[in-house]
Amino acid sequence: QVQLVESGGGLVQAGGSLRLSCAASGRPFSSYSMGWFRQAPGKEREFVSAITWGAGTTYTADSMKGRITISRVNAKNTMYLQIDSLKPEDTAVYYCAAHSDRAISTRPGVYEYWGQGTQVTVSS
């Protein structure tokens, strides 16, 4: 079992930046590939970015490339998501997730463990 806890969300003005964190506990963090998803009210959960267990490979949704930096520090059992140039349409609950397959995945169904989410609200 892996427990995931997101933090770092909040209210920010358009054009600002946020860094979200995902702290993991339980089984060895380095055994899992990780991802970030988001869900806005009335919309389906959407893939944002993912990183492999060794941080050797990352992938970000085309719609967010250039504004996203995903990283992880296995020694700290923590993953990060830096979002720059925030837009009102980035408003959503952001979730981190983990899966034991070491490949990158954009599909929510692949992920075995999920955090409770952190709210990001971007004002115009």
Worksheet item: Taking atom OG1 of Thr69 and atom CG of Leu81, what is their separation to the nearest 0.5 Å?
Response: 8.0 Å
Item to complete: Please round to the nearest 0.5 Å and tell me the distance separating atom CE of Met64 and atom CD of Glu89.
Response: 9.5 Å
Worksheet entry | Straight-line distance of Ile104 CD1 to Thr106 OG1, nearest 0.5 Å | 9.5 Å
Worksheet, complete the sentence: Scanning both residues in full, the closest heavy-atom pair of Val2 with Ala24 reads CG1-CB, 4.3 Å
Response to the item:
CG of Leu11 to OG1 of Thr121, rounded to nearest 0.5 Å, is 6.0 Å
Worksheet, complete the sentence: Residue pairs meeting salt bridge (charged side-chain N to carboxylate O under 4.0 Å, His left out), one or both in residues 58-78, sequence neighbours left out, come to Asp62-Lys65, Arg67-Asp90
Practice prompt. Walk me through it: do Thr91 and Gln119 pass the test side chain to side chain contact (heavy atoms under 4.5 Å, CB included)?
Written response: CA-CA 8 Å; Thr91 295; Gln119 176 71 47; 4.0 Å; yes
Discussion item. Return the OH to SG distance between Tyr113 and Cys96, rounded to the nearest 0.5 Å.
Written reply: 13.5 Å
Worksheet item: Do the side chains of Leu20 and Val120 get nearer than 4.5 Å, heavy atoms only?
Response: yes
Discussion item. Taking the ring centre of each residue, are Trp114 and Phe37 less than 6.0 Å apart?
Written reply: yes
Response to the item:
Smallest heavy-atom separation, Gln3 atom then Gln1 atom, equals NE2-CB, 3.7 Å
Worksheet, complete the sentence: Closest non-hydrogen atoms of Pro88 and Ala14, given as atom of the first, atom of the second and distance, are CD-CB, 4.1 Å
Worksheet item: Stepwise, does the side chain to side chain contact (heavy atoms under 4.5 Å, CB included) test hold for Gln116 with Glu6?
Response: CA-CA 7 Å; Gln116 82 290 347; Glu6 303 94 336; 3.0 Å; yes
Discussion item. Are Ser71 and Met79 packed together at the side-chain level, in the sense that at least one heavy-atom pair is separated by less than 4.5 angstrom?
Written reply: no
Worksheet item: Where is the tightest heavy-atom contact between Ala92 and Arg38, given as atom of each residue plus distance?
Response: CB-CB, 3.9 Å
Item to complete: Would you tell me whether Ser100 and Glu112 have side-chain atoms, one donor and one acceptor, within less than 3.5 Å of each other?
Response: yes
Fill in: Between Arg19 and Tyr80: side-chain donor-acceptor atoms closer than 3.5 Å
no
Fill in: Pairing residues for Arg102 by the salt bridge (charged side-chain N to carboxylate O under 4.0 Å, His left out) criterion, not counting sequence neighbours
none
Practice prompt. Look at the side chain of Ser21 and the backbone N and O of Gly8, then say whether any donor-acceptor pair between them is shorter than 3.5 Å.
Written response: no
Worksheet item: Would you call Leu4 and Met34 a side-chain contact if the rule is heavy atoms closer than 4.5 Å?
Response: yes
Worksheet item: So Val122 and Gln13, side chain to side chain contact (heavy atoms under 4.5 Å, CB included) or not? Walk me through it.
Response: CA-CA 5 Å; Val122 184; Gln13 287 189 334; over 6 Å; no
Worksheet item: Side chains of Tyr95 and Thr118: closer than 4.5 Å at any heavy-atom pair?
Response: no
Practice prompt. Report yes if the side chains of Ser49 and Tyr59 come closer than 4.5 Å at any heavy-atom pair, otherwise no.
Written response: no
Item to complete: In sequence, state the C-alpha distance, the side-chain angles, and the governing distance for Ile51 and Trp36, and then conclude on side chain to side chain contact (heavy atoms under 4.5 Å, CB included).
Response: CA-CA 9 Å; Ile51 187 167; Trp36 286 97; over 6 Å; no
Worksheet item: Does the side chain of Ser17 come within less than 4.5 Å of Gln82's, by heavy atoms?
Response: yes
Discussion item. Using the rule that Ile, Leu, Val, Met, Phe, Trp and Tyr join whenever any side-chain heavy atoms are under 4.5 Å apart, tell me whether Val93 and Ile70 fall into a single cluster.
Written reply: no
